[in-house]
Amino acid sequence: MPTVLQFTFDQAAVRRRAHTVLQRLPVLKGKPIRIQSARGLRDRHGPVHAGSFLRERRIAFDCTRAEFPRIFVHEVFHFAWVRLGNPARRAYEGLIAAECTMAVSGELGWSAEWRKRELVAADVRLRTRRWREYCCESFCDTAAWLYSGVVRHPEFTLPARSRRLRRIWFQGIEQRGFSL
């Protein structure tokens with residue numbers, strides 16, 4: 001099933017921007033997700049580039065054209081994270097926990113980076129909400145790094161070895177496709 005069938009767009013311009021990005025994505029399965037533009041998006045921390053409304057199957061964007069590919073993939077993968085299943089999520093958490101044990105700095109996006117900086121050892125050990133949110137954002141930022149087509153970005157600060165291990169992890173999962 002072509003990836004493009006999984007999305008409905010409120011604006012033709014956004015559909016055209018997304019088309020190129022969609023060609024880079026692995027197989028995606030699931031009900032359509034509505035894509036729309038919205039001004040002044042915020043979360044509990046302040047202004048944001050986009051927001052995923054999982055129960056509504058909707059993503060709202062307030063980002064520049066340059067940021068759109070990276071942000072689009074990040075938001076799409078929020079839908080993949082919730083459908084990934086506990087074994088796969090736990091496996092990803094294990095990969096990230098190993099990075100934390102080795103004190104690996106950096107991330108592949110600001111949404112994961114600031115959460116990583118706020119973690120303490122007990123968060124990892126106890127799998128706190130803070131830890132689980134960080135793992136979700138790390139997963140989505142890693143997907144954006146892999147599939148958006150953006151080669152370099154100031155927010156890509158994770159060392160090459162960790163990037164390589166994350167790429168290998170994703171390759172193992174993407175063979176079966178991602179449910180949205």
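Starting from 1, each residue takes its place in the sequence as its number. Keep in mind it's a predicted model, so treat the numbers as computed, not measured.
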Trainee: When you check the gap from the basic side-chain N to the acidic O, do Arg129 and Glu133 get nearer than 4.0 Å?
Mentor: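 Counted as a salt bridge, because a side-chain N and a carboxylate O are separated by less than 4.0 Å.
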Trainee: Please check if any side-chain donor atom of Glu67 sits under 3.5 Å from a side-chain acceptor atom of His74, or the reverse.
Mentor: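 No.
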Trainee: If you apply the rule side-chain contact (heavy atoms from CB on, under 4.5 Å), what do you find for Leu180 with Arg57, and how did you get there?
Mentor: CA-CA 9 Å; Leu180 302 181; Arg57 300 198 60 77; 4.0 Å; yes
Trainee: Donor-acceptor pair, distance only, cut-off 3.5 Å: does the side chain of Arg132 make one with the backbone of Arg127?
Mentor: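 Confirmed, Arg132 side chain pairs with Arg127 backbone.
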Trainee: Are there over 12 heavy-atom neighbours, none belonging to Arg161, within less than 6.0 Å of that residue's CZ?
Mentor: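 Not buried by this count: 12 neighbours or fewer within 6.0 Å.
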Trainee: Are Phe61 and Ile35 packed together at the side-chain level, in the sense that at least one heavy-atom pair is separated by less than 4.5 angstrom?
Mentor: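 Yes, side chains in contact.
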Trainee: State whether a side-chain donor-acceptor pair under 3.5 Å links Arg166 with Ser138.
Mentor: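 Short answer, yes.
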Trainee: Is any side-chain heavy atom of Val76 closer than 4.5 Å to a side-chain heavy atom of Phe178?
Mentor: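 Side-chain contact under 4.5 Å: no.
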Trainee: Side-chain contact, heavy-atom cut-off 4.5 Å: Arg70 with Phe156?
Mentor: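 A side-chain contact under 4.5 Å exists here.
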Trainee: Pick out which of Tyr147, Tyr92, Phe77 makes a side chain to side chain contact (heavy atoms under 4.5 Å, CB included) with Thr142.
Mentor: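 Running side chain to side chain contact (heavy atoms under 4.5 Å, CB included) over Tyr147, Tyr92, Phe77 with Thr142 returns exactly one hit, Tyr92.
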Trainee: Could you check whether Trp114 and His45 have their ring centres less than 6.0 Å apart?
Mentor: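 Here the rings of Trp114 and His45 have centres that are less than 6.0 Å from each other.
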Trainee: Does a side-chain N-to-carboxylate-O contact under 4.0 Å join Glu137 and Lys116?
Mentor: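 Looking at Lys116 together with Glu137, the answer is no, because their closest N to O distance does not fall below 4.0 Å.
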Trainee: Is the closest basic N to carboxylate O distance between Glu107 and Arg163 below 4.0 Å?
Mentor: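 No, this pair does not count.
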Trainee: Using a 3.5 Å distance criterion without hydrogens, assess whether the side chain of Asp141 forms a donor-acceptor pair with backbone atoms of Ala112.
Mentor: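 The answer is yes, because a donor-acceptor pair under 3.5 Å joins these two groups.
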Trainee: Please tell me if the side chains of Ser148 and Phe68 come closer than 4.5 Å, counting only heavy atoms from C-beta onward.
Mentor: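 A side-chain contact is absent here, since even the closest heavy-atom pair is not under 4.5 Å.
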